Number of protein chains: 2
Amino acid sequence: MNHAPDCAARLLAAARALFARRGYDGTSVRAITAKAKANLGAVTYHFGSKEALYHKVIESITEPFVDRVAAAAAGAGAPLDRIEAIVRTVFEQMERHPEMPALIIRVLASERRMPPPAARTMQRNIRALSETIRAGQRDGSIRTGDPILLSMSVVAQPLHLALTGRLLEQGLGLDRHDPATRARLVRHVVETVRAALARQPKAPS
Amino acid sequence: MNHAPDCAARLLAAARALFARRGYDGTSVRAITAKAKANLGAVTYHFGSKEALYHKVIESITEPFVDRVAAAAAGAGAPLDRIEAIVRTVFEQMERHPEMPALIIRVLASERRMPPPAARTMQRNIRALSETIRAGQRDGSIRTGDPILLSMSVVAQPLHLALTGRLLEQGLGLDRHDPATRARLVRHVVETVRAALARQPKAPS
DNA sequence: GGCGCCATCATACAAACGTATGAATCACGC
DNA sequence: GCGTGATTCATACGTTTGTATGATGGCGCC
């Protein structure tokens, strides 16, 4: 008896969590409906199929994200500062949706056709980043290098750090839910990204 | 009729490829045996179970790798050079086993217990890296920061770039099988890692 | 009250899954 | 040639899977 409102929303939340932890194939419709306290037929009813639910999950995470990244890239300030703002936006998004790194990275690792919302998000984010990098290269604050490759190197930092959280807990005794720890990780990534991109003065040789 | 030798080796190769592309749950024993031209019962006979085969796959990729990373870390040269050597070792391993990034990353993303060989590899690689980074911090060539976090930032680069190969092909028209392209990617990551780690002289303010 | 629409439910179904198992074949040594 | 162990094979089995579908109840409108 599921009389609580928003069955579809509960399914979406359950699916988000389970697809992130177990992957698409490792998550059954029954596991999703059990977690959402919904009936087995609810997935077909509300979404049409398991795959359509999966696409909706990806979309629910990525769509709001794109605008935030674009806003950070379009903000005021030097290119390196704007890239820092983008990185902080990524961290905020991961805090809002802790499943995001695993979901995105599973999409990247899979031979399955990429869900359109994920593909759009990646393209737009990489474009926002690489254009900001180009601006920095033009004004001399960012080193030379391929802007798209540099963009990917930037995005790799927060995503992989989120994925390796388990190792961090064991290796450093960190508590991922501790705000001070989170701030430390953000600081680390921001410093690393800035160091990786900043143009250095010519070495006197 | 499978009279060809090394049925177990064929299963291992087929499983390696399929686990990387489809993940553990998305790969059926029947798909593996079909690809290996072996009988359905062969997996249970040679490995005991699908899961044991999976562990063997992970082990077959990671075990030789650890020694190579340790050798690169123990080599002669400045810490930054040794870190570059480690990065090149990672790329060589990925060239030898193109499935490696996807396999490793799926392990990281999964809620499933980490296969012991993968856990050992990661610990040892991170240790080799972070000790090299500490040496660089002691001699002043590498900037301050947590060595383990810095190690993870280093490893994220080649892995992520390998995973996003599809996007690179679309965004840059790159052919991943082209040696010149590979060299370009290696150069990019090496430069990025060195830039991210190198200690900068104090800015005159 | 009846109707239509929506949402929930329980169940059925065909297909797929990993494992188990006994039979058959092969390879090797004596 | 025989015996033994290893390997391959075909099949069975219980379980799980995603989808389909008809029944039922709730709600709003006429």
Side-chain angles (χ1 to χ4, degrees), chain A residues 1-60 103 106-107 110-116, chain B residues 1-60 103 106-107 110-116:
Chain A
M1 294 296 183
N2 306 298
H3 295 296
D6 288 315
C7 178
R10 292 198 323 274
L11 287 172
L12 214 39
R16 213 181 272 133
L18 292 177
F19 284 142
R21 299 209 304 259
R22 303 179 184 173
Y24 178 81
D25 298 299
T27 301
S28 68
V29 174
R30 286 169 176 82
I32 294 167
T33 52
K35 190 176 177 69
K37 299 207 187 335
N39 180 267
L40 176 59
V43 165
T44 308
Y45 181 78
H46 287 285
F47 298 96
S49 68
K50 176 185 174 185
E51 185 169 32
L53 170 60
Y54 174 66
H55 285 199
K56 208 74 188 173
V57 161
I58 300 292
E59 185 179 309
S60 77
L103 285 170
R106 285 184 190 278
V107 167
S110 175
E111 77 169 5
R112 194 181 293 271
R113 184 178 69 97
M114 193 175 284
Chain B
M1 293 296 184
N2 306 298
H3 295 295
D6 288 318
C7 177
R10 291 199 323 275
L11 286 173
L12 213 39
R16 213 181 272 135
L18 292 176
F19 283 143
R21 300 210 302 262
R22 303 180 187 172
Y24 179 81
D25 297 300
T27 302
S28 69
V29 175
R30 287 168 174 84
I32 294 167
T33 52
K35 189 176 177 68
K37 299 206 192 325
N39 179 267
L40 177 59
V43 164
T44 307
Y45 179 78
H46 287 284
F47 299 96
S49 67
K50 177 186 174 183
E51 185 171 33
L53 170 60
Y54 175 67
H55 285 199
K56 208 74 187 170
V57 161
I58 299 293
E59 186 179 308
S60 77
L103 285 169
R106 286 182 190 277
V107 167
S110 174
E111 75 169 4
R112 195 181 294 270
R113 184 178 68 97
M114 194 176 283

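Letters go in sequence order (proteins before strands), and every chain restarts at 1. For the numbers below, each heavy atom of this structure counts, side chains included, while hydrogens, waters and symmetry mates do not. Only a predicted model underlies this, so the values are computations on that prediction, with no experimental measurement involved.
Here the C1' atom of nucleotide C:dC9 and the CG atom of A:Asn39 are 5 Å apart, to the nearest Å. Look at CD1 on B:Ile32: it is 16 Å from P on D:dT8, rounded to the nearest Å. Taking atom CZ of A:Phe47 as the reference point, atom P of C:dA7 lies 12 Å away to the nearest angstrom. In this entry the distance linking CG of B:Asp6 with P of D:dA6 reads 17 Å, nearest Å. Between A:Tyr45 atom OH and C:dC5 atom P the separation is 12 Å, expressed in whole Å. B:Arg10 places its CZ atom 13 Å from the P atom of D:dT7, with the value rounded to the nearest Å.
Distances shown here put a side-chain N or O of B:His46 below 4.0 Å from the OP1 or OP2 atom of D:dT8.
For the side-chain hydrogen bond (donor to acceptor under 3.5 Å, both in side chains) test, no residue two or more places apart in sequence or in another chain qualifies with B:Glu51.
The side-chain heavy atoms of A:Ser49 and A:Val43, taken from C-beta on, include no pair separated by under 4.5 Å. No side-chain heavy atom of B:Arg106 sits under 4.5 Å from any side-chain heavy atom of B:Asp25.
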Mark up nucleotides 14-21 of chain D, 5' to 3', with B wherever a protein heavy atom is under 4.0 angstrom from a base atom, S wherever such an atom reaches only the sugar-phosphate, and - elsewhere.
---BBB--
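Side-chain contact check for B:Arg22 and A:Ser110: no donor-acceptor pair (N or O, by modelled atom type) lies under 3.5 Å.
Surrounding NZ of A:Lys50 are more than 12 heavy atoms belonging to other residues, nucleotides or ligands, all under 6.0 Å away.
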Steps toward side chain to side chain contact (heavy atoms under 4.5 Å, CB included) verdict (B:Ser28, B:Ile32):
CA-CA 7 Å; B:Ser28 69; B:Ile32 294 167; over 6 Å; no
